[in-house]
S.K.: 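Take a look at this one; I'll ask things after.
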Amino acid sequence: MITNTRGYAAPEVSSGGALTTKSEVYSFGVVLCVLLSGQTDVAALNPVALLKQKLKRFMDPKLEKSYNGSQARTIQQTALKCIQRDPMQRPDMIRVEAWLRPLLLHT
């Protein structure tokens, strides 16, 4: 078992499976969730439930609306796709990068 990754590890890894590119995508989705929500107790957090909330309720209140709503929604939707329970339903990182790269160009 990998240590110090509780909450970040994909379900299949947490149950003893091997690390794969799809499990890394899952972990990246959790990181996106943490960045947007400000949640630090990842092990106690339910990222799927959190990500399905309306953006206003999901975002870290410390950001005080100092973010672009459209860009935040894109990140939220990307994170939700990354943390699909079924690894085959998760995108590959090339696709994730394609979704997020335009956000860098419009900041």
Side-chain angles (χ1 to χ4, degrees):
M1 178 78 173
I2 298 170
T3 59
N4 297 324
T5 58
R6 197 170 143 232
Y8 288 92
E12 65 274 12
V13 174
S14 294
S15 63
L19 287 173
T20 66
T21 56
K22 294 291 187 166
S23 64
E24 294 296 322
V25 168
Y26 181 94
S27 297
F28 184 72
V30 174
V31 169
L32 291 176
C33 184
V34 168
L35 289 172
L36 288 177
S37 70
Q39 296 287 335
T40 55
D41 186 6
V42 178
L45 140 83
N46 179 347
V48 173
L50 190 61
L51 286 170
K52 288 185 176 180
Q53 292 179 8
K54 290 186 184 269
L55 189 63
K56 182 179 177 182
R57 293 186 62 212
F58 172 75
M59 295 298 292
D60 183 347
K62 289 179 252 162
L63 293 175
E64 298 179 359
K65 298 189 181 189
S66 63
Y67 56 87
N68 178 300
S70 175
Q71 291 178 342
R73 269 188 293 286
T74 297
I75 296 168
Q76 182 186 28
Q77 291 166 354
T78 300
L80 190 55
K81 291 173 185 172
C82 289
I83 61 170
Q84 294 296 311
R85 186 151 187 82
D86 178 359
M88 299 306 292
Q89 297 298 316
R90 297 177 201 144
D92 58 28
M93 283 307 287
I94 292 171
R95 179 153 318 239
V96 172
E97 179 189 11
W99 292 330
L100 297 177
R101 180 168 290 282
L103 304 182
L104 293 173
L105 302 175
H106 295 99
T107 57

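Note that the numbering runs from 1 along the sequence shown for the chain.
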S.K.: Quick check against the 3.5 Å criterion: does Arg90 have a side-chain atom that pairs as donor or acceptor with the backbone of Val25?
M.R.: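 No: the side chain of Arg90 does not pair with the backbone of Val25.
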S.K.: Using the side-chain contact (heavy atoms from CB on, under 4.5 Å) rule, take Tyr8 and Val34 through it: C-alpha gap first, then chi angles, then the decisive distance, then the call.
M.R.: CA-CA 10 Å; Tyr8 288 92; Val34 168; 3.9 Å; yes
S.K.: So which heavy atom on Tyr67 is nearest to which on Ala72, and how close?
M.R.: CD1-CB, 3.8 Å
S.K.: Looking at Ile83, Val96, Thr78, which hits side-chain contact (heavy atoms from CB on, under 4.5 Å) with Phe28?
M.R.: Val96
S.K.: How far apart are the C-alpha atoms of Cys33 and Gln39, what are their side-chain angles, what is the distance that settles it, and do they pass the side-chain contact (heavy atoms from CB on, under 4.5 Å) test?
M.R.: CA-CA 8 Å; Cys33 184; Gln39 296 287 335; over 6 Å; no
S.K.: Report the residues that fulfil salt bridge (Lys or Arg N to Asp or Glu O under 4.0 Å) with Glu97, sequence neighbours left out, ordered by chain and then residue number.
M.R.: Arg101
S.K.: Taking all non-hydrogen atoms of both residues, which atom of Gly29 and which atom of Ala79 are closest, and how far apart?
M.R.: O-CB, 3.6 Å
S.K.: Pro87 and Lys22: which non-hydrogen atoms are nearest, and at how many Å?
M.R.: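 Of all heavy-atom pairs spanning Pro87 and Lys22, the closest is O-CD, 3.4 Å.
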S.K.: Report the residues that fulfil side-chain contact (heavy atoms from CB on, under 4.5 Å) with Glu24, sequence neighbours left out, ordered by chain and then residue number.
M.R.: Leu19
S.K.: How would you list, by chain and number, every residue that makes a side-chain contact (heavy atoms from CB on, under 4.5 Å) with Arg85, sequence neighbours excluded?
M.R.: Pro11
S.K.: Stepwise, does the side-chain contact (heavy atoms from CB on, under 4.5 Å) test hold for Trp99 with Lys81?
M.R.: CA-CA 11 Å; Trp99 292 330; Lys81 291 173 185 172; 3.5 Å; yes
S.K.: Between Val30 and Ser27, is a side-chain contact (heavy atoms from CB on, under 4.5 Å) present by the stated rule, with each step listed?
M.R.: CA-CA 5 Å; Val30 174; Ser27 297; 5.7 Å; no
